[in-house]
Visitor: 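Dropping the structure in here first, questions after.
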Amino acid sequence: MTQERTVLTGKHFMQGDIACAEGAIAAGCRFFAGYPITPATEIAERMARRLPEVDGVYVQMEDELGSMAAVIGASYAGVKSMTATSGPGFSLMQENIGLAVMTETPCVVVNIMRGGPSTGQPTKPGQQDVMQARWGSHGDYEIIALAPSSVQEMFDLTIEAFNLSEIYRVPVFVLADEIVGHMWERVTIPSENAIKRVNRKRPRTLPEKYVPFLPDRDLVPPMASFGEGYRFYATGLTHDETGHPRTDTAKAQQELVQRLCDKIRKNREKIVRVSANMLEDAEVMVVAYGTTSRSAMSAVREAREKGFKAGLLRLITLWPFPDKEIAELAKRVRAIVVPEMNCGQIVREVERAAKETSVIFMPKLGEEPHRPVEILDAIQRGSYK
Amino acid sequence: MSEDSHPFERFLRDGMMPHIWCEGCGNGIILNCFVRALKDIEIDVNKVVVVSGIGCIGRLSGYTNTDSYHTTHGRAIAFATGAKLANPELKTVVISGDGDLFAIGGNHFIHAARRNVDIQVICANNFNYGMTGGQYGPTTPLKAWTTTTPYGNIEHPFNLVHLAAASGAVYVARWTTLHVRRLTESIKKVLQKEGFSFIEVITPCPEIYGRRNKMATGIEMMNWFKTAAEIRNASDPAEAEISPEKIVVGEFIDAEKPTYDHLLREMMKQVQERIRGEK
C-alpha cells in the first residue's frame with residue numbers, strides 16, 4: 001500500500017474518534033474487531049473505511065465478547081490488533097481482557113467513556129470506568145491505561161498504546177471521555193518515518209528450542225506467531241514457561257501471576273507519563289485527566305491571574321498510577337484538588353499517594369464537564385488550608 | 001520411529017501426556033481421528049491452529065503438536081475468526097464441546113456460520129457438562145438425569161446439525177465415536193474444504209453422564225451408538241433425531257458458497273485498485 005494512505009501526514013481538522021483510528025493505522029494496526037456502540041462508533045466506521053485501503057481487516061463481530069476474543073486471535077496470528085467500545089461493551093470485554101493478560105497478548109482496547117452504570121447516558125461524557133479499567137477482570141494483574149485530553153493526543157497516545165502493548169505483551173487501554181472522542185480539533189500528523197513504532201520481541205531460537213513463556217530479563221517473553229512453525233500452546237489456565245497448564249501447584253501460580261504484575265510494576269518508570277504545569281512554586285495542585293484537565297488548566301491560569309499559586313498535574317498514564325510523582329509533589333503543596341466526571345475514583349489513588357496532604361474532591365455527573373470557575377473555587381479553598 | 005513410540009507421535013505434544021480424560025471417554029477417539037486425518041492428507045502442520053474452549057474436550061488443543069490456543073469458555077470460534085482473518089494461510093480448527101459451543105458460545109457459532117468464515121468446527125457432544133461434574137446443557141435429552149436435573153430434564157435439546165445447517169454452514173455431518181473411519185473421512189474432507197464446516201461427534205461420557213442414565217460404562221454407551229445409529233447421508237438435518245432408539249448420523253450438507261475470507265480479500269483488492277486508479 002502506498003505510504004501516503006498509511007499515514008495522513010499533514011494538518012487536519014479531525015474528530016477525536018477519527019484521530020484515534022488514524023493513530024492506530026499509523027502505529028501499524030491492521031486488524032479491528034468491534035461492535036457498534038455510542039460514543040465509540042466513529043472509530044469502527046473509520047476503521048471499516050480505512051483498513052481495507054492499507055491491507056488491514058475490519059470485522060464487525062456479534063458482540064463485545066467475540067470482538068475481544070477475535071482481537072486476541074489476530075494478535076496471536078502476528079497482526080497488531082484493536083477494538084473500541086464504551087462502558088457496556090467494556091464490561092463484556094473484561095472476560096477476554098483477562099485472557100489477553102494471562103496469555104500476554106499485545107492489543108489495544110479503546111474505551112470512549114460515557115455515563116454509567118448500565119446503559120446510562122450513551123451520548124454524555126463520563127470518567128466512570130477508570131477503576132473498571134484497573135480491576136475489571138477477575139484475578140490479580142497489572143494493566144496500562146492512557147488518558148488523552150485532546151484530539152492530538154487521541155492520535156499520539158493510540159500509537160503509544162500500541163507500542164506499550166507490544167513491549168510489555170499486555171492489553172493497553174486508551175481511556176477517553178465522550179468529549180475527547182467527539183471533539184473536533186486541529187491535529188498534526190507527522191511524516192511516516194517520524195512515527196515511532198515498536199514491534200513485539202521475536203523468538204531468537206529455533207522452533208524446537210522455543211519456550212513460549214520463558215521471559216527475558218525485562219520479564220517479557222519473546223512472542224512467536226501462529227503459522228511460523230513454532231507450534232506452541234497458550235492457555236488461560238495457569239501455566240509454566242512451556243505454556244503447559246499447571247493448575248495444582250502454588251509455585252506455578254506464584255511465579256506466573258507475580259511476573260504478570262512485575263513486568264509492569266518493575267518497568268513503571270518507563271511507562272508512567274504526567275504533564276506538570278506551573279507546579280514549581282504551586283501551593284495548590286490540581287490533579288486531572290482527560291477533558292477535566294482542560295477545565296483545570298483554565299482554572300489554574302485564572303487562579304494565577306488572581307494571585308493564587310496553583311498548578312496542574314495532568315495524568316497521561318492512569319495505570320500504572322503515577323503515585324510516586326504525586327507523593328513527591330504532595331509534600332510541597334497545601335492542598336490537592338481532584339475534579340473527576342464520576343463519584344470518586346482516581347481521587348482514591350491520589351489520597352493514597354498524598355498521605356497527609358489535604359485532598360479536595362470535585363465530583364461531576366451528567367452532560368457537562370467541570371466549569372473552570374468550579375475548579376477555581378476549589379483552588380481558592382485549598383489555598384487557605 | 002522406535003517400536004514403542006506412538007504412530008502419531010509427531011502430531012502429539014508428548015509433554016502434555018497423560019491426558020485428563022476418564023476411562024470410557026470418547027475424546028481420545030476424536031483426537032485420534034483428528035491427527036490421523038492430519039497425517040493422511042499430509043497437510044502442512046505448521047499452518048494448522050487448533051483452538052478450543054473450556055471443558056473436557058477443551059484440553060485437546062494442548063495435546064496436538066500444532067499451534068494451539070485454549071480460550072475462555074465459549075469463545076473459541078471468535079478467537080479463531082480473528083486468527084484466520086488476520087492470517088488467511090492458517091487452517092483454523094475449533095474442537096470443543098456442546099456446552100462450550102452451543103450454550104455460552106452459541107452466538108459466536110451461528111454468526112460465524114452465517115458469515116461463512118473459513119473455520120472447521122468439531123463438536124464433541126457428550127450430552128452434559130462433564131468437567132463440572134455432570135450438569136444438564138443445551139444437548140441433554142428430555143427426561144435425562146443430571147446433577148442439576150434431579151427430577152429429569154424438562155428442557156428441549158438443540159439439534160446441532162439442524163442449527164448448523166440453518167445458520168449457513170457449508171458442510172454439516174454427525175457421527176458417533178463408533179464411526180471412526182467415517183469421522184476421519186469427514187475431518188479430512190473439511191480440512192480440505194473452504195468455508196464454515198461443522199462435524200458433530202456424539203461421544204460417550206459414562207463416568208459423568210452415562211452412569212446416571214443406565215449406561216455406566218463406555219461399552220454400554222458405545223452399544224447404544226451401535227444399535228441406534230442409522231446412516232442417512234444427504235437427509236434433512238431437521239429430521240436427524242437423537243433418541244434412545246435412533247441416532248441419525250451421516251453427511252447432511254456439502255455445499256459451496258463464497259467464504260467471508262474470500263469476499264473480504266476481494267473487497268480489499270478492489271478498494272486498493274481503486275486507490276491506485278485515482279492517482
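First the proteins, then the strands, lettered A, B, ... as listed; each starts at 1.
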Visitor: Under 6.0 Å between ring centres, would you say that holds for Phe232(A) and Phe226(A)?
Guide: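 When the ring centroids of Phe232(A) and Phe226(A) are compared, they turn out to be within the sub-6.0 Å range.
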Visitor: Check each atom of Ser225(A) against the heavy atoms of chain B and say whether the ones under 4.5 Å are side chain, backbone, both or neither.
Guide: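 Only the backbone of Ser225(A) comes within 4.5 Å of chain B.
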Visitor: Please confirm whether the ring centroid of Tyr233(A) lies under 6.0 Å from the ring centroid of Tyr210(A).
Guide: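 Centroid distance Tyr233(A)-Tyr210(A): not below 6.0 Å, so no.
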Visitor: Test ring pair (Phe, Tyr, Trp, His ring centres under 6.0 Å) on Tyr76(A) and Phe31(A) and set out the steps.
Guide: CA-CA 12 Å; Tyr76(A) 262 83; Phe31(A) 184 92; over 10 Å; no
Visitor: Can you tell which of Val57(A), Leu99(A), Asp63(A) has the highest number of heavy-atom pairs within less than 4.5 Å of chain B?
Guide: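 Sorted descending by pairs with chain B, the first entry is Leu99(A).
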Visitor: Where on Leu85(B) is there a heavy atom nearer than 4.5 Å to chain A: the side chain, the backbone, both, or neither?
Guide: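 Contact with chain A involves both backbone and side-chain atoms of Leu85(B).
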Visitor: If you count heavy-atom pairs within less than 4.5 Å of chain A, which of Arg13(B), Glu89(B), Lys47(B) leads?
Guide: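 Top option by heavy-atom pairs under 4.5 Å: Arg13(B).
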Visitor: Relative to chain B, which segment of Ala33(A) carries a heavy atom at a distance below 4.5 Å: side chain, backbone, both, or neither?
Guide: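 Neither; nothing under 4.5 Å.
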Visitor: Shorter than 4.5 Å, heavy atoms on both sides: which option in Gly62(B), Ser68(B), Gly74(B) has the most such pairs with chain A?
Guide: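 Ranked by heavy-atom pairs under 4.5 Å with chain A, first place is Ser68(B).
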Visitor: Heavy-atom distance under 4.5 Å to chain A: side chain of Thr66(B), backbone, both or neither?
Guide: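 Looking at Thr66(B), just its backbone touches chain A.
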Visitor: Could I get the full list of ring pair (Phe, Tyr, Trp, His ring centres under 6.0 Å) partners for His239(A), not counting sequence neighbours?
Guide: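 Checked His239(A) against ring pair (Phe, Tyr, Trp, His ring centres under 6.0 Å); matches are Phe213(A).
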Visitor: So which of Leu90(B), Thr81(B), Thr92(B) has the biggest tally of heavy-atom pairs under 4.5 Å with chain A?
Guide: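 Most heavy-atom pairs within the cutoff with chain A belong to Leu90(B).
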Visitor: Checking Met267(B) against chain A: side chain, backbone, both or neither under 4.5 Å from a heavy atom?
Guide: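 Only the side chain of Met267(B) comes within 4.5 Å of chain A.
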Visitor: Please determine whether the number of non-hydrogen atoms from other residues, nucleotides or ligands lying under 6.0 Å from atom CG of Asp140(A) exceeds 12.
Guide: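 No.
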Visitor: For the atom pair OH (Tyr63(B)) and OG (Ser52(B)), what is the distance rounded to the nearest 0.5 Å?
Guide: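 The OH atom of Tyr63(B) sits 10.0 Å away from the OG atom of Ser52(B).
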Visitor: Tell me, for Val59(A) versus chain B, whether the close heavy atoms (under 4.5 Å) come from the side chain, the backbone, both or neither.
Guide: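 Looking at Val59(A), backbone and side chain both touch chain B.
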Visitor: Would the distance check show the side chain of Asp100(B) and the main-chain N or O of His73(B) forming a donor-acceptor pair, the cut-off being under 3.5 Å?
Guide: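 No; zero donor-acceptor contacts below 3.5 Å.
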Visitor: Mind listing the side-chain donor-acceptor pairs of residues 28-39 of chain B below 3.5 Å, one per line with the distance, residues two or more places apart or on another chain?
Guide:
none

Visitor: Is Arg114(B) close to chain A through its backbone or its side chain, or both, or neither, when contacts mean heavy atoms under 4.5 Å?
Guide: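 It is neither, since no heavy atom gets under 4.5 Å.
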